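First comes the structure, then the notes that go with it.
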Amino acid sequence: MVDAVVGILLDKLIALLVREGQQLLEFDSQFDKLKDELGYMQGYINQADRMRRNEGREILKLVTRDLRELVYDAEDVIADCYIEFMKQHDGYLLNIVSCCSPRLLKFRLKISRRLKKMIQRIEAVQGRMKSYLSADPSTITSREKQSMTLLSYPILLEEEDIVGLEDDASKVEKWILESQEPSTVIGIVGMGGIGKTTLAQKICNKNRIKESFKQMIFVTISQNCEFEDLLKRMLIEMNVEEKSLRKKEVVELLKKLKEVLGDEKYLVVLDDVWGNERSWWESLKSAFPRNIGCRAIVTTRNEKVARAMGAMEKHIHRPKILSDDDSWSLFSKIAFAWNGGNCPNSVVAGLSKEIVARCKGLPLAIRVVGGIMLGKGDSVSEWRRILDHLKEALAEENTGELVMSSLELSYDELPTYLKPCFLCFSMLPDDYVIRVEDIVCWWIGEGFVSETNGRTTFEIGKNYVEELCSRCLLIGLHIMFERNIEFVKIHDLVRDMAIKIARDVSFTSLDQRGMPELCAESRRLGIFDNGVIKNVEATGAKKSKTESKLRTLWGLRMEKELLLNKNLELRKLKRLRVLTAGFRLSPEEIIMKDWLNGITSLLNLVFLRLENCSVEQLPDSIGNLHNLQFLILRGFDNLKMLPSTITKLDKLIFFRITACPSLTCMPEEIGRLSKLEQLDWQPYAKPGQKIASRIGQLKNLGQLTVLGVEIENQNYLQELILNVLSELKHLLRVEISFLPYYRYEGDASVSKLNHLLSPLQCLEELTLTDYPGESTPLWLSPTSLPNLKYLCIRNHLDITISHLRYMSPEFWEGKWEIEGLTLKNLDELEEEWIMFLRAMPSLRMVEEAAEALLAQLQVLKAGEKEMKRRRKDEKGAMKAAEMKAMGDCNN
């Protein structure tokens with residue numbers, strides 16, 4: 001397959017040369033030549049993605065391999081020029097013509113030689129292209145332009161849209177509810193893509209199941225299951241705070257699990273179990289209390305696994321492929337979502353049914369192919385083209401190969417701009433759930449997303465996520481309401497396909513087993529569970545003196561040995577654009593500090609995320625990262641303050657700091673970060689600390705759209721924050737958390753919170769966590785927050801007393817525009833649910849609220865439909881009577 005990254009970076013590089021080329025060290029002619037030659041080759045790249053399995057495909061792969069290195073090298077040249085500008089002019093990009101120091105002359109000569117060699121290499125590649133390829137350069141087709149705009153919004157399947165599983169779900173539900181054994185294991189066994197996970201989720205969403213079990217846990221077991229990690233995920237699923245589990249041993253975690261499950265009935269779902277259950281199942285089972293009616297569901301591709309975990313034949317379900325009718329129904333809901341799930345015409349219907357037949361009833365294949373067709377509209381020629389392609393791609397008799405072929409076809413049909421974004425998921429571990437914000441920051445750092453039509457890169461990146469979800473290549477999670485996907489993951493079979501393609505186009509360094517591997521030419525490296533150690537030492541040791549070409553290093557759950565590896569020293573990774581470093585256990589401070597000091601070399605860095613570090617302070621050199629746009633710090637237990645140089649990061653637009661208990665205040669002059677759009681900062685302010693002046697500086701951040709702050713129960717501080725909020729006119733999302741340790745001193749302590757907040761006209765989402773008063777503040781009203789779409793008021797589980805009892809009178813004055821509502825752990829709340837329904841006519845989703853509210857919401861909506869039907873019938877009857885009367889008069 002042709003390397004999608006080449007096309008993306010070519011577009012970006014040519015645009016950069018057009019905009020900045022004449023200012024780069026007076027290399028006008030050389031940069032113009034480079035721009036023209038790359039532009040000529042761009043036409044071939046655009047043509048390449050439209051070439052399928054025919055002559056020329058392999059030649060194109062070889063050409064793009066050479067061109068890929070050229071594009072990277074050209075971008076590095078421009079980056080080096082910008083860095084030199086910053087060194088000479090203290091971060092400001094000025095024309096360097098007048099500067100004639102020997103050092104600069106040497107630098108200019110070096111750049112000139114690199115450009116000359118680069119143009120020679122381009123001419124050599126062009127010669128090969130002309131010799132072997134006859135295609136003319138062409139621009140992007142109207143079909144591709146159409147596919148870029150058709151999928152502007154996500155298409156999500158609701159519970160009622162899942163087809164062909166009702167009988168299966170009822171059968172397993174009966175086993176769960178009627179078995180009288182102390183603990184029963186139920187197996188759902190079948191090949192990948194047949195719908196095992198979907199069936200398990202559907203069962204857990206049934207009302208009778210929810211009512212029957214006090215505790216429900218749904219965890220996915222990856223192919224490389226870490227037992228300690230599994231226990232922590234199960235406990236977090238039951239609302240145990242992650243921080244309290246950090247340093248616990250496996251025995252302690254098992255005891256905690258048994259304690260939390262207690263004497264109540266529970267249902268545990270272990271999804272996608274492989275053949276590694278013998279190493280952990282017996283130990284896990286010992287933590288399950290043997291209560292009557294407790295159940296475990298195991299989904300697996302291997303029936304022997306289900307039996308080894310205790311599933312008897314009478315409790316093993318084997319899902320079947322979908323019937324023709326169910327296959328057509330599922331396909332229609334996805335492919336024709338733009339038309340309400342209805343096929344637009346008979347010609348497309350005939351082609352569609354032939355396409356569906358090729359999928360042989362496999363739900364995953366149907367969903368993926370349906371996602372392909374979603375972007376084709378009602379174009380008969382496009383449907384015929386895809387059908388011809390399917391006849392070749394899905395000709396395999398082997399059902400497993402059929403799924404993989406359909407997945408590869410879905411990648412082929414992706415618009416070019418989505419392909420490199422999708423391939424990033426090849427670097428993540430099995431069943432890894434990633435924040436949408438993090439993956440979008442990664443894409444921007446790599447240069448895969450660019451601003452267009454006045455929309456920010458962040459907005460466009462989120463649309464990319466939604467489009468990949470609508471094409472069924474990603475799974476969206478934690479959806480507050482339709483337009484807000486907070487987390488995503490990837491199906492294991494889709495990940496297998498991503499790994500296969502990533503290896504084929506040299507997107508990342510992977511060995512034949514799909515494990516990360518470091519070599520001299522590596523551009524991207526994903527490390528998780530320390531799995532790269534042996535490969536790094538074996539393949540990289542001889543290359544330690546070679547400058548690393550790594551642009552992205554994404555490390556998760558690493559061990560301290562990686563910090564000691566010479567090939568991964570930060571000072572040697574000068575080309576890095578994206579760096580994530582998360583450690584399983586905090587390494588010793590001296591080791592970590594030495595490693596982090598190398599950060600001064602990462603002058604190209606755009607995205608930096610550090611987790612679970614033991615240092616008390618970050619190096620001052622972080623202020624030299626003038627290209628940094630995204631900074632995330634999490635789990636720094638000992639971090640006491642941030643360096644003042646952090647306010648020199650003049651391009652920073654995203655800043656998140658969480659789980660840093662020793663960090664007590666913001667840096668001085670934080671208001672200098674004038675481009676900041678999202679700030680999630682929760683310093684643990686102690687009583688008496690003078691942090692008011694620093695919080696007051698937030699009002700200088702006029703571009704903020706997202707703000708999260710945590711405050712203790714100090715009246716002046718609470719009032720100050722509300723005053724700051726009133727100054728930030730562009731805020732869309734706000735979360736205010738109140739520290740529980742100082743939170744309750746009676747209503748007098750929150751009186752200052754009840755002054756009116758100036759109306760925030762743009763605010764769409766508001767979250768109040770551990771709010772200390774008995775009634776909501778006066779400013780929480782439809783008048784002050786006229787465009788609020790989502791409201792969350794919640795308490796943490798470790799707080800035994802919920803003080804909120806009433807909504808203030810102002811809360812009920814007028815009609816809210818709220819669509820999504822969360823009321824969580826508010827045990828003392830005395831308001832009638834019907835009041836919320838009347839005050840929020842646009843309410844569409846309720847999360848974590850009482851079942852009574854859900855039931856009333858359904859009744860209310862059913863009543864509205866019935867009223868509309870009656871009015872329609874009455875109007876029809878009146879019109880018929882009028883027509884009859886007119887007829888009688890005429891007679």
Side-chain angles (χ1 to χ4, degrees), residues 172-187 200-201 203-221 225-271 273 277 279-299 309-312 315 740 769-770 794-803 822-829 847-852 854:
V172 178
E173 180 186 18
K174 187 176 179 181
W175 290 348
I176 292 173
L177 297 178
E178 294 184 0
S179 175
Q180 297 301 313
E181 300 170 18
S183 57
T184 301
V185 177
I186 294 167
Q201 290 170 337
I203 292 165
C204 291
N205 286 332
K206 283 183 164 289
N207 288 333
R208 288 182 64 198
I209 297 294
K210 289 180 179 179
E211 294 165 1
S212 299
F213 295 97
K214 182 70 174 179
Q215 293 281 8
M216 292 179 61
I217 311 169
F218 196 115
V219 289
T220 302
I221 313 297
C225 175
E226 287 282 345
F227 187 50
E228 181 182 333
D229 178 59
L230 172 61
L231 290 172
K232 288 180 180 178
R233 284 190 287 133
M234 294 178 74
L235 288 164
I236 291 170
E237 184 88 2
M238 292 185 288
N239 294 312
V240 177
E241 282 198 2
E242 181 182 1
K243 183 181 176 182
S244 67
L245 304 175
R246 276 192 196 169
K247 297 181 180 180
K248 287 189 181 295
E249 300 292 335
V250 169
V251 174
E252 295 176 290
L253 293 171
L254 286 168
K255 290 179 179 178
K256 183 67 175 177
L257 178 60
K258 193 165 189 172
E259 173 191 332
V260 175
L261 289 173
D263 298 328
E264 304 290 347
K265 287 178 64 176
Y266 56 83
L267 173 64
V268 177
V269 180
L270 303 173
D271 183 45
V273 181
E277 77 291 342
S279 63
W280 52 264
W281 170 240
E282 291 300 325
S283 182
L284 178 62
K285 192 167 62 171
S286 69
F288 292 162
R290 294 180 59 81
N291 305 332
I292 297 294
C294 296
R295 304 286 178 263
I297 297 177
V298 176
T299 77
M309 296 177 71
M312 302 174 64
H315 288 147
T769 302
D770 297 331
R794 64 188 179 189
N795 284 338
H796 285 117
L797 273 182
D798 59 350
I799 299 170
T800 57
I801 301 176
S802 170
H803 297 287
T822 293
L823 301 173
K824 186 175 181 180
N825 300 328
L826 305 180
D827 302 327
E828 301 295 317
L829 189 64
E847 185 185 27
E848 300 287 355
E851 292 292 329
L854 292 171

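One-based numbering along the sequence shown. This structure is a prediction, so every number in the text was calculated from the model and none was measured.
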Is there side-chain contact between Val250 and Trp280, with at least one heavy-atom pair below 4.5 Å? no

Do you know which two heavy atoms are closest between Ile209 and Met216, and how far apart they sit? CG2-CE, 4.0 Å

Calculate, to the nearest 0.5 Å, the distance between atoms CD1 and NE2 belonging to Ile186 and His315 respectively. 6.0 Å

Lys210 and Asn205, any side-chain heavy atoms less than 4.5 Å apart: yes

Would you say that Lys248 contacts Leu231 through its side chain, given a criterion of any heavy-atom pair below 4.5 Å between the two side chains? no

Looking at side-chain heavy atoms only, is the closest gap between Ile217 and Met238 below 4.5 Å? yes

Show, in sequence, the C-alpha distance, side-chain angles and deciding distance for Phe227 and Leu254, and conclude whether the side-chain contact (heavy atoms from CB on, under 4.5 Å) test is met. CA-CA 10 Å; Phe227 187 50; Leu254 286 168; 3.9 Å; yes

Between Asn239 and Lys824, is the side-chain contact (heavy atoms from CB on, under 4.5 Å) condition met? List the steps. CA-CA 12 Å; Asn239 294 312; Lys824 186 175 181 180; 4.1 Å; yes

Can you tell me how far apart CZ (Phe213) and CZ (Arg295) are? Round to the nearest 0.5 Å. 6.0 Å

Nearest-0.5 Å distance, CG of residue Leu284 to CG of residue Leu270: 6.5 Å

d(Arg233 CZ, Ile221 CD1) to nearest 0.5 Å is 6.0 Å

Do the side chains of Phe288 and Leu257 get nearer than 4.5 Å, heavy atoms only? yes

Inspect the contact between Arg208 and Glu211 and indicate whether a charged nitrogen and a carboxylate oxygen are less than 4.0 angstrom apart. no

Is Lys232 paired with Glu228 through a side-chain N to carboxylate O contact shorter than 4.0 Å? yes

Would a 4.5 Å heavy-atom cut-off, applied to side chains only, mark Ile297 and Asp271 as touching? no

Verdict with reasoning, Lys255 to Glu252, per salt bridge (charged side-chain N to carboxylate O under 4.0 Å, His left out): CA-CA 5 Å; Lys255 290 179 179 178; Glu252 295 176 290; over 6 Å; no

Pairwise distance CG(Leu253) to CG(Leu245) - rounded to 0.5 angstrom: 6.0 Å

How far does SG of Cys294 sit from CG of Leu261, to the nearest 0.5 angstrom? 8.0 Å

Looking only at non-hydrogen atoms, find the nearest pair between Lys258 and Pro289 and report the distance. O-CG, 4.1 Å

Write down the atom of Gly187, the atom of Ala311, and the distance for their closest heavy-atom approach. N-CB, 3.9 Å

Is any side-chain heavy atom of Val185 less than 4.5 Å from a side-chain heavy atom of Trp281? yes

